[in-house]
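Below is one structure; the comments refer to it alone.
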Amino acid sequence: MAKKSFSSKAYSVLKKVPKGKVTTYKEIALALKTKAYRAVGRAMNKNKNAPKIPCHRVVKSNGEVGGYILGTKTKENLLRKEGIKIKNGKVSNFKEVLFKFNH
DNA sequence: CCCTTGACCAAAC
DNA sequence: GGTTTGGCCAAGG
């Protein structure tokens with residue numbers, strides 16, 4: 001499958017994140033060898049591939065849940081079901097569930 | 001091609 | 001520790 005655009009690459013990397021783990025927009029950008037933190041999030045919002053891509057496993061670098069096309073509330077709910085603790089809109093065990101790629 | 005916007009980030013105040 | 005500022009990259013108008 002040939003990659004088409006930046007967004008497609010971002011999705012591919014995101015799909016590598018195992019269940020019960022989360023990653024950050026920054027980690028994805030770094031995995032793509034770029035610093036387009038913003039472009040990663042923008043791709044999600046524009047393409048709204050929520051049912052196709054586990055974009056609910058992507059949080060901000062400071063541990064906040066961030067945003068979600070279907071609503072942050074939905075995002076938190078999904079994360080909790082995967083064993084991730086959410087507290088006051090932030091991931092409690094952020095570092096413990098944070099998945100890093102092979103940079 | 002120029003300008004704006006965005007589910008961001010890190011440093012500075 | 002919350003807010004402001006500048007920077008970063010990509011896509012749309």
Side-chain angles (χ1 to χ4, degrees):
Chain A
M1 292 162 45
K3 306 297 191 287
K4 290 161 52 177
S5 48
F6 182 87
S7 318
S8 300
K9 295 183 190 174
Y11 301 144
S12 301
V13 176
L14 177 55
K15 280 188 281 190
K16 295 175 190 168
V17 180
K19 186 179 179 183
K21 293 271 188 172
V22 296
T23 188
T24 67
Y25 298 98
K26 182 180 172 186
E27 286 295 323
I28 295 174
L30 292 176
L32 297 176
K33 298 296 190 291
T34 181
K35 302 123 198 161
Y37 316 122
R38 317 188 82 181
V40 176
R42 192 198 63 76
M44 309 299 175
N45 185 14
K46 186 76 194 308
N47 286 281
K48 40 187 161 181
N49 284 309
K52 299 182 180 181
I53 310 291
C55 31
H56 61 269
R57 290 187 195 145
V58 189
V59 297
K60 303 208 290 187
S61 295
N62 70 329
E64 291 183 19
V65 177
Y68 194 52
I69 187 68
L70 303 178
T72 26
K73 204 158 40 102
T74 305
K75 186 172 181 176
E76 289 184 23
N77 186 29
L78 289 169
L79 291 174
R80 288 191 190 212
K81 290 176 73 170
E82 296 195 353
I84 298 168
K85 310 292 196 304
I86 306 296
K87 180 143 198 171
N88 196 23
K90 303 175 188 71
V91 182
S92 316
N93 51 347
F94 177 50
K95 290 188 175 181
E96 298 177 23
V97 296
L98 177 59
F99 176 79
K100 293 185 178 179
F101 304 97
N102 315 305
H103 311 171

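The sequence lines fix the lettering, A, B, ..., with proteins before strands; numbering per chain opens at 1.
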Distance-minimising heavy-atom pair for A/Ala50 and A/Leu70
CB-CD1, 4.0 Å
Is there a side-chain contact between A/Val65 and A/Lys90 in this structure, where contact means two heavy atoms from C-beta onward sitting under 4.5 Å apart?
no
Note: with side-chain heavy atoms under 4.5 Å as the link, the other cluster members for A/Leu30 come out as none
Does either side chain, that of A/His56 or that of A/Glu82, offer a donor lying less than 3.5 Å from an acceptor on the other one?
yes
Mapping A/Gly41 and A/Lys26 to their closest nucleotides on DNA chain B, which lands nearer the 5' end?
A/Gly41
From the 5' end of DNA chain B to its 3' end, which nucleotides mark the outer limits of contact with chain A, defined by a 4.0 Å heavy-atom distance cut-off (strictly under)?
B/dG6 to B/dA10
Taking the side chain as everything from C-beta on, heavy atoms only, tell me whether A/Leu32 gets closer than 4.5 Å to A/Val13.
yes
For residues A/Thr72 and A/Gly66, report the shortest heavy-atom separation together with the two atoms involved.
CG2-O, 2.7 Å
Shared hydrophobic cluster, A/Leu98 / A/Leu79 (ILVMFWY, side-chain heavy atoms < 4.5 Å):
yes
Give the B/S/- string for nucleotides 7-13 of chain C, one per nucleotide from 5' to 3', where a protein heavy atom under 4.0 Å of the base yields B, of only the sugar-phosphate yields S, and otherwise -.
BBBBSS-
Could you pull out the closest heavy-atom pair between A/Ser61 and A/Phe94, with the gap in Å?
O-CE2, 3.5 Å
